[in-house]
Structures are given as structure tokens and as C-alpha cells.
Amino acid sequence: MTEPTRSTRSTRVQIASYNTNLQGNAGLPQDLVDWLAPTFRTASTVEPPDIVAVGFQELLPLHLAFTGQSRHVVDSRNQLILKEVQAHGGGEYTLVARSVNVGVALLVYARDAGIGRRITDVQTSWTGCGPLWMGNKGAVAVRFRVKAEEEGAADEVFTFVDVHLTAHTHNLAQRLHDYIHIVRTLLFPPFASKAAPGPDTIYDSTHLFLFGDLNFRLIKKDGLSFSSIQEMSNSPDGRRKLAELDELTIEMRNGNVCNGLHEGDFSSFKPSYKYLLNSESEYSPKRAPAWTDRILFSTTSDASTATKSNIKPIIYTSVPSYTTSDHKPVVAILDVPSPLPAPGCAFPVLAAPPAYLQPATFPNISRYTVGTTGTGKSQLGIELALALQRQSSSHLGLDFGRWKGAKVINADAMQVYRGLDIVTNKVTEEEKQGVEHLLMDCKDPSEEYFVSQWIKDAMKEIERCHEQDQLPIVVGGTTYWIQHLIFPNRLVSLTEDEAPSDLPETRDEEPKLSPVVATALSTLPDDLKQLYSHLPDRSQSEACSDEAAFALHTLLCKLDPPMGGRWHWKDTRKVLRSLEIIKESGQRASDVNSSQDETVGMARFPTLIYWLYAKPELLNPRLDARVDKMAQRGMLDEIMSMRQEVAGSSEGPDSLDLDYTRGIFQTIGFKEFHDYLSIPNPSPDLLHQSVEQMKHGTRKYAQRQVRWIQNKLLPAIRSQGTHTTRASLALLDATDLDAWNSTVRDTGLNILSDFLNEKTKDDLMAPSPVAEDLLSGTRVMARKRRICDICTVDPSKPVMIEEGNEWQAHSRSKAHRNRAGRERRIAEQLAQREEKQRLRALERSS
């Protein structure tokens, strides 16, 4: 083999790809030197690669990958790969980045003595091809910029994409669709300003490398049997004939897939699939052999009609010695030419196929839409801040007055804690786009952080912002916090988690009892009077026995029936809080709540509130998809790490007694995955059940947020009377993400400009039909809980269900219907028995 002359302005890239057949959890496979360093022993003239990209597919079974084990498997692979590359590659290498999605993983390394020093702007991305972007099929990518080494030369953008497409011969159409889906959804924040808005695709690259288990097969041909394919694969001439039947080659030639990409001579090695395990050469009779594992590439100097690329393959081969999978690894060494500078561009890029491009509104897909309830609060906050910082809303002709910029103040009660970025769904540094976020990642997970503390901290940050002419933008889903920040005279609340000493108007003397409370106390039995006099501390509420919890709920029902009907008897913290309000104020908690609603509100500052609303029928699938993506990103790994940290030992947290009503452990996900993470070998069914519970909890949380706004925040705004310092609310319809720029961003900016220039006339603004319906609607009352007598086995532990949808769902449940049917049959049998006894008595008497 004659070694091509390497130009002074070229880069050597080594790419390796391997479908491990779900062997990632079985320990490390064979020595990687046969796979990763085929050229180091082939010829002494071959120079070491500048960049090494290693891709895996089917690294782990789906249910194990969802638990976060992909991270640990990739860590072990990284250590061995780095060791082998440095031992045989001629110098030190550094991991540039890695990207993992379920069982698809990509690691990219660069040689320190050379290109590694010039790499900058590293980005990663992922997408999935299954329902809701889930499953073992999809793609991960690493992209980075390489600064030009010579003056006047162009920077270069390298993009590496590890792909796993749909399997099986009959799914050709789905494979073609998978590729288009990957191009449309494997996105990056743009490196440079573009004429068209939106993120970059994989084609926004100087050099693009796409590889992995593409799963394309050989087309069926009469007379082509399994035995004939196996025989033909053993000779170069036979393989060249088989290559003419390769689906990928045919579809690329027809312009249906991998447009603009090229490949080396894959017929130089035997089909990489499907082998018998533990065999170097024998194929399995279950599937026809095929070149499913491929390495493709393109560079900007390739003409659109060219049949060959200017990227030169030095080696393109498979490694038969790997026998732990039914696939063989494939490896390529590529010589990549550096481009000429492109006029008016920071770096030259490929031309994306027009058919693959989405409309200009595509940046509003769910990966760019963040927020605790999936409506886009964080995104809008960042867009408003950027508009103020850059004064970049000139296309709307807006004026923001004296404000020179803006900062975001976090109002999500769980995002104040350090760590757990996935579980609490924090915005990433890239998504912040340089906007400073305050009161985020500021508390240790072991701390408790109450509303009064947050308000004090938020007020300090607001004052600093005002001093600097920076507009404070408070963003978050803990609406309760935001309301008490805006309206300072409404802090006593039924769900307050402050210590009693922090409550306003706490006095040493006994409060004067209202007539209703005095009467109720006088009629209490002695055991409940004793309980009222010695209420347990709320910090110990989780340790309450069922009997003690039910007794507390019984006491509340006697003293305050409306609140007793609102809380479940097991919700000891809220029951105790309601009892504490009675004891501290002398009034029923429900009466305190009603008096708050009637209190005339006065805002601390002139305030503009955005309520982002999405219709539940469209929001709920969005929330479900977000949970799935969080699981793919390693959510369970985060939860397990936190549980182990709390356990404080290497024995694991199996027996942890966590209080899921306090601090960071209130985050949706901890309680829902408790059972799954508390047993040594959980089943995939239990994982699915836990994921579904988290989805249900997320949907219910979104519903509670809407009810709080309708029942608490809107009445406070409507009750402002004639105060000149007022709060105004604008409801923005975030149902249709494709219309985000017009219905949310631009509408929000127009409203903000009017507000800052004192042109706002109405306290409630409804710039859409949806907003008009919601803001003119009646108040949604909190639903009471009913006791299901049919499902209650022990009267001291009644089954309590919230009225409305939950009660209807419970009534339709299989367990309820079975018990109801059983009781009905028992009642019928009893009636029949009594009727027989009556008839016998009549016979005897006659």
C-alpha cells in the first residue's frame, strides 16, 4: 500500500465504530488495540491521527441505560481507549467531549501536540428516533471549532455523528425517515450569526463525519441465497458484486439519504454483520450478511455532484478478531484537507439538502423550550433579558427606557439547590446565552430554604439590579414564592413551610379565639383536647404513625371541616400547618385563607407578570416527553448519587428513610423512583411504572400551578383597589410552539416596552382568545377529598380521593370495581339468605 503524501494543511482523523450487541454491562470486551490502532502496525510511515472518534451502538439494554449506567460504562471505556490510543498513537491525547443517549455513545479525542491546542467552542447534541425521541435508535454528536494555525487561513468546524438507525430488511423506508429526522433534530447553538434564524444542523460544518450501525442491508435478488452470500464475501470479486446490491449505496445514488456524503471502498472487507458469537468468520443463518456498519464523510471542497470526496481514506477495514458481538468493529483513517477561507464567513460550511431544512420557527422544539412546567418560562425570561442587553428588538421598534440590561432571578424552589441539574430541569449555560441567573445553585441540598429567606435574598438582588439600571426578571414555577414577593401583606398561608418563629404576628400570649373555634374546642373529646394542647413538631411529621396521623386529621376535621376535607389524612405536614394556624391565630385556617383573599393588595413595586399558559391536551404530551428525555440524559444517575450522598456510606441507600416533603427531596422524581432504586435488581416493568408515576406527578403539578394562579394570584391582582403601585398580568398563549416568536416572544416584548414606558392601562391583559377565556373565567375552587367506603378496609386508615377527575378515575379502576362487585355479591347473597330465612319462618308459622 502506497502512503498518500500528506499536505502541510491537512488533518488526520481516525474513526472507529462498534455495535456491542448490548454487552456494555458485561464488562470490558477484548483488548482495544486490534480495533483502534490498526494502522500503527501496518506501516511505519503512517502518522498518528490528530483526532480519534470512537462510537458505540447498543452499549446497554434500554432499561439499564435509563438508570444512568451508560455513564459508568462510558467512563470505563474512556479510560481504556485513552490508554491504548496514547500507547500506540505516538503522543498524549485528551478527551475533547463525549455524548451519550441511552445505548449510543461517542467519545472524541485530540492529540495534544498539535490540533488539541487549537480546539474551541466544543458542543454536544443528541436525538432519538423512537417515540418521543426515545429508544436505542438515534444519534449523538460532538462538534467543535479548530482555530486556524496560519494567518489568513480559515477556521474549521469538525462534526462527528454516531448513528444507529432502524433495523430489519423490511424497514428501509423507516431508515430513510430516521436520517431526515436526525438532520432536523440533531441541533447545535449557532457558532456565527446567520441570515436565517435558528440552530445549526450537522451540515453547518466544514468537515462532517457520520458513522455507526446504519442498518442498511443487501437488496433481495433471485438466486442470492445465504450460502452464496457467505461464499461471495470471502473473495474481493465476490464482495464487489455484493456491493452493487448494497441498499445504502443505491439510496445515496438516488439522493434519498446521506446527501453530500462519501465513503471509502467498503467491499475491501467482509460484511460486518451478522456473525455467530465467538466466531471470527462464520455468519449466523438468522440474517443475511450485510455491511450495516459504515463510516461516511464530506468536506466543503467536495463538489455537490462529485462521486469522490477530497477526504482521502488511508485505511477502511473491519476487525474480525472481535467475537463478543454479532457485529464487527469498523475503522477508518482519513486524510482531511484544510479549506480555503470563505469570503464573509468565519468558517466555510457544507450546504444542507434543502429538503431537510425545517421552517424558521423550528428553534422552538422542546429541547429549546425549558421551564418547570414545559410552557417556556425560562426561555421567555432569557429572550426578554437579551432584548434589554442588546437592545436588539429594533425590528419591533421598541423602547425600553432607562434600562441598560437585565438579570434573571430564579423562583424555582428546587433549582436553588446545587447539583441535580437534570432532575430539576435547570437551563444549561448554553441556553442562558450569557444572561446572569441569580439565586440558582446557591444552596446545599442538605439545607432547607423557606419562602421568607428567598424573599429577603430576592429583595437584595432586586435592589442591586435597580442600582445598576438592570431590570430584574423573576422566573420560576414556585408561584407561591413570586406572589408573596409581589404582595408583602399576604404572607400567612396554608402551605407555609416556615418555622413558627418566622411567622408574622407570633405572640407569647394566647390568641383570642373566634367564636367558631371556641365552640369547636369546647366540644372536643378529652383525647383530642390533649392532642391539640401538645401538637407534634412539623419537622417530625414524617415519623408519625398512621394512627397518629389519622388522629391529627380527625382533630382538624372537628375544628375546621373545610380544611379537613381539603387535606388527605396522610398529608401530615399540611394538616399540622392548618392546626398551627388555628393555635397561633385563634381562627380557623379556612377563615384566614378567606380573609387573605378579601385583603386589598398593594404591590411592592410596579410589576409586570407574564403567565405562560398552554392547553393541557397539548401540554401534557410535552411534559411526558420531557420526563423521557430527562431519563435519557441520566436523571436516575443523579437521583442515585444524591441518595448515596445522603446515606453517607458505600453500602448504598437501600434502607434510606427519606422525607419527601422537605428540601430538595420534594423534587418530582425522588419519591416516584423510591421503590425502583431500593431493591438490588429492579425489573424493567418497575422502571416503566416509576417513569409513568413521574409523568403523572408532573402533570398534576402543572394543574396545581394553574389553580394557584386562578385562586390566589388573580384575586390578589383584582383586589388592588386604587393603589398607584400596581401589579399587572399578561397571559401569553404558549400552546403552539411553532408560533412562539409571534404569540409569546414578540407579544411579550411589546407589552414590556409599554410597561416600562408607563403605557400599561389594564391590570389584566389578554392578547389572545385563550387568554380572554381564562382571565374572564370563574375561580377554580380547591377540590375536597372523599372517603371511598368501598375501598376502605381499616376505618382508621380511610382511602381518600380528590373529587373530580381523580374520583372518576378511581371509580373506574379495576381494584375499585372488583371490590364494589364483591360487596354487591355479598349484599345479594345476604339478601337471598335473609329472604330464605323469612320464607322458612312463614312456612313454620303456617
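The residues of the chain are indexed from 1 along the displayed sequence.
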- Item | Expected output: side-chain Trp481 to main-chain Trp454 donor-acceptor under 3.5 Å | no

- Query: Is there a donor-acceptor contact under 3.5 Å from the side chain of Asp399 to the main chain of Ser753?
  - Reply: no

- Task: State yes or no: are the ring centers of His484 and Tyr480 separated by less than 6.0 Å?
- Result: yes

- Check: Trp611 and Leu713 side chains under 4.5 Å, non-hydrogen atoms: no

- Item | Flag side-chain contact, heavy atom, 4.5 Å: Leu524 against Lys558 | yes

- Are His466 and Phe605 close enough, and set up right, to give a side-chain contact (heavy atoms from CB on, under 4.5 Å), and what steps lead you there? CA-CA 11 Å; His466 288 168; Phe605 308 103; 4.1 Å; yes

- Query: Who passes side-chain hydrogen bond (donor to acceptor under 3.5 Å, both in side chains) against His437, sequence neighbours left out?
  - Reply: none

- Rounded to the nearest 0.5 angstrom, the NZ-CZ distance for Lys700 and Arg707 is 6.0 Å

- Look at the side chain of Thr735 and the backbone N and O of Lys615, then say whether any donor-acceptor pair between them is shorter than 3.5 Å. yes

- Glu383 and Trp740: side chain donor to acceptor below 3.5 Å: yes

- Taking atom types as modelled, find out whether Asp412 and Thr478 have a side-chain donor-acceptor pair closer than 3.5 angstrom. no

- Task: Report the distance from atom OG of Ser378 to atom CD of Gln415, rounding to the nearest 0.5 Å.
- Result: 6.0 Å

- Main-chain N/O of Val691 paired with Glu672 side-chain donor or acceptor, under 3.5 Å: no

- Message: Applying side-chain hydrogen bond (donor to acceptor under 3.5 Å, both in side chains), can you list everything that pairs with Asn620, at least two apart in sequence or on another chain?
- Response: none

- Query: Which distance, rounded to the nearest 0.5 Å, do you find between the CZ of Phe550 and the SG of Cys557?
  - Reply: 8.0 Å

- Task: Could you tell me whether Lys529 atom NZ has more than 12 heavy atoms of other residues or ligands within 6.0 Å of it?
- Result: yes

- Which of these, Arg418, Lys426, Lys432, sits in a salt bridge (charged side-chain N to carboxylate O under 4.0 Å, His left out) with Asp441? Lys426

- Query: Are Met563 and Arg588 close enough that some pair of their side-chain heavy atoms sits under 4.5 Å apart?
  - Reply: no

- Any chance you could measure Ser690, atom OG, to Ile639, atom CD1, to the nearest 0.5 Å? 9.5 Å

- Query: Side-chain contact, heavy-atom cut-off 4.5 Å: Met800 with Arg786?
  - Reply: no

- Message: Taking the basic N atoms (NZ, or NE/NH1/NH2) and the acidic carboxylate oxygens, is any pair closer than 4.0 Å for Asp469 and Arg402?
- Response: yes

- Query: Do Leu714 and Leu729 have side-chain heavy atoms sitting under 4.5 Å apart?
  - Reply: yes

- Query: How long is the gap from CG on Leu471 to SG on Cys465, to the nearest 0.5 Å?
  - Reply: 8.0 Å

- Query: When rounded to the nearest 0.5 angstrom, what is the spacing between CG in Leu535 and CD1 in Ile582?
  - Reply: 9.0 Å

- Task: Tell me, yes or no, whether the heavy-atom count around Glu617 atom CD, taken from other residues, nucleotides or ligands under 6.0 Å, exceeds 12.
- Result: yes

- From the options Val474, Asp457, Ile482, Leu485, select the one residue that forms a side chain to side chain contact (heavy atoms under 4.5 Å, CB included) with Ile409. Val474

- Message: Checking the side chain of Gln389 only, and the main-chain atoms of Gly405 only, is there a donor and an acceptor separated by less than 3.5 Å?
- Response: no

- Query: With a 4.5 Å limit on heavy-atom distance, are the side chains of Asn741 and Thr747 in contact?
  - Reply: no

- Query: Does the side chain of Lys404 pick up a donor-acceptor pair with the side chain of Gln468 at under 3.5 Å?
  - Reply: no

- Task: Examine Lys583 relative to Tyr532 and say whether NZ or CZ is less than 6.0 Å from the centre of the six-membered ring and inside a 45° cone about the ring axis.
- Result: yes

- Query: Heavy atoms, side chains only, cut-off 4.5 Å: are Ile486 and Ile609 in contact?
  - Reply: yes

- Are Glu467 and Arg464 ion-paired here, with the side-chain N under 4.0 Å from a carboxylate O? no

- Item | Carboxylate-amine/guanidinium proximity below 4.0 Å for Glu580 and Arg577 | yes

- Answer yes or no: is there a side-chain heavy-atom contact under 4.5 Å between Tyr610 and Leu384? yes

- Message: Assess whether a salt bridge exists between Lys695 and Asp624, defined as any Lys/Arg side-chain N lying under 4.0 Å from an Asp/Glu carboxylate O.
- Response: no

- Message: I need the single residue from Leu555, Leu521, Leu559, Leu552 that forms a side chain to side chain contact (heavy atoms under 4.5 Å, CB included) with Leu528. Which is it?
- Response: Leu555

